[in-house]
Amino acid sequence: MIITIDGPIATGKSSIAKKLARAIGFIYFDTGAMYRSMTWGLLKHNINPDDVEAVKAYLEKFDFDIKIRQGDRYYYVEGENITDAIRGEKVTSAVSKISAMKEVREKLMALQREFSIGVNAVFEGRDMGTVVFPDAEVKIFLTGRPEVRAKRRYDELKAKYPEDFKEMTMEKMLEDLNRRDTEDSTREIAPLRQAPDALVIDTSDLTVEEIIQKIQEFKDTRRTRLKEAT
Ligand code: DC
């Protein structure tokens, strides 16, 4: 079974997907981390995203790996552990543009579908329920008030990367979040959209546990309905 969780920035997608997967014994995939890893690789090699031929050549040899240790995921590109680096300022400000490229999306979509073969998994991202897994049995779309999401992201980044984000203010965070949301939802290919058959949850005033409970209830009703239909 595939469960997809999509939604804009800082709606709690990662924490929810991770906890949900653990609770029901599924594997968890953070597809944003894959776009970030690809971005890190392109930046490392100083490849200009406007140079489509150079990007294509890099995609051919994209050397990406995920290692799981004690339930935590570590991301590797060309053998280097980049788990922390992909959350930093450089990658964060470049990833929207790179994830809008058709060639990049095709490559990562193929990789994501490959990862899904023969496993029960929760895939978290922006286009999981609409483009990558349109036949997923359970689709979730998380939303949240921009102010609440900006505050969440602000607290998280300041705590984890104080040096990288020392100039960051709440106003700038909100502006940044709105800009990235707009970029993600207005891009031509695989924009951030809610699938028509997705359960929509506004996470602004709910705890992670309450959200997981809603998803589990929805999963159970979907399963019953799918059984009845066969
Ligand atoms: O979820 P995140 O902030 O780590 O995602 C990083 C970027 O990748 C964000 O700009 C949206 C993009 N992304 C995407 O286009 N498609 C996905 N399935 C996942 C992320």
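All ligand and atom numbering here is 1-based and tracks the order in the structure. No experiment lies behind these values; they were computed from the predicted model shown.
Closest protein heavy atom to atom 16 (N) of ligand 1: Arg105 NH2, 3.0 Å. Of the protein's heavy atoms, Tyr35 CB, 3.6 Å lies nearest to atom 8 (O) of ligand 1. The protein heavy atom nearest to atom 19 (C) of ligand 1 is Thr31 OG1, 3.4 Å. Here the protein heavy atom with the shortest distance to atom 12 (C) of ligand 1 is Ser99 OG, 3.6 Å. Given atom 20 (C) of ligand 1, the protein heavy atom at minimum distance is Gly32 CA, 3.5 Å. In terms of protein heavy-atom proximity, atom 1 (O) of ligand 1 is closest to Arg126 NH1, 2.9 Å. Protein heavy atom nearest atom 6 (C) of ligand 1, with residue, atom name and distance: Arg36 NE, 3.7 Å.
Cation-pi geometry between Lys67 and Tyr76 is met: the NZ or CZ atom falls under 6.0 Å from the ring centre, inside 45° of the normal.
Taking a 4.0 Å cut-off on heavy atoms, Glu183 fails to register as neighbouring ligand 1. Proximity of Ile9 to ligand 1 is not established, as no heavy-atom distance is less than 4.0 Å. Not a single heavy atom of Arg153 sits closer than 4.0 Å to an atom of ligand 1. Residue Gln112 places every heavy atom at 4.0 Å or more from ligand 1. Under a 4.0 Å heavy-atom criterion, Arg187 is in contact with ligand 1.
Atom numbering of ligand 1 starts at 1 in the shown order; those under 4.0 Å from a heavy atom of Asp184 are 9 (C), 10 (O), 11 (C). Within the listing of ligand 1, atoms 10 (O) sit less than 4.0 angstrom from a heavy atom of Ser96. Near Met128, meaning under 4.0 Å from any of its heavy atoms, are these atoms of ligand 1: 18 (N).
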Query raised in the report: Given Thr92 and Arg36, is the side-chain hydrogen bond (donor to acceptor under 3.5 Å, both in side chains) satisfied, shown in steps?
Result: CA-CA 7 Å; Thr92 302; Arg36 287 172 180 270; 3.1 Å; yes
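Checked for salt-bridge contact, Glu60 and Lys56 miss the test: no charged N lies under 4.0 Å from a carboxylate O. Taking a cutoff of 4.0 Å between a charged side-chain nitrogen and a carboxylate oxygen, Asp72 and Arg69 do not qualify as a salt bridge.
A side-chain hydrogen bond (donor to acceptor under 3.5 Å, both in side chains) check over residues 20-35, counting only residues at least two apart or in different chains, returns the pairs Tyr28-Glu124, Asp30-Arg87, Tyr35-Arg105.
Remark: Glu163 pairs with Lys166 by the side-chain contact (heavy atoms from CB on, under 4.5 Å) rule, at least two apart or across chains.
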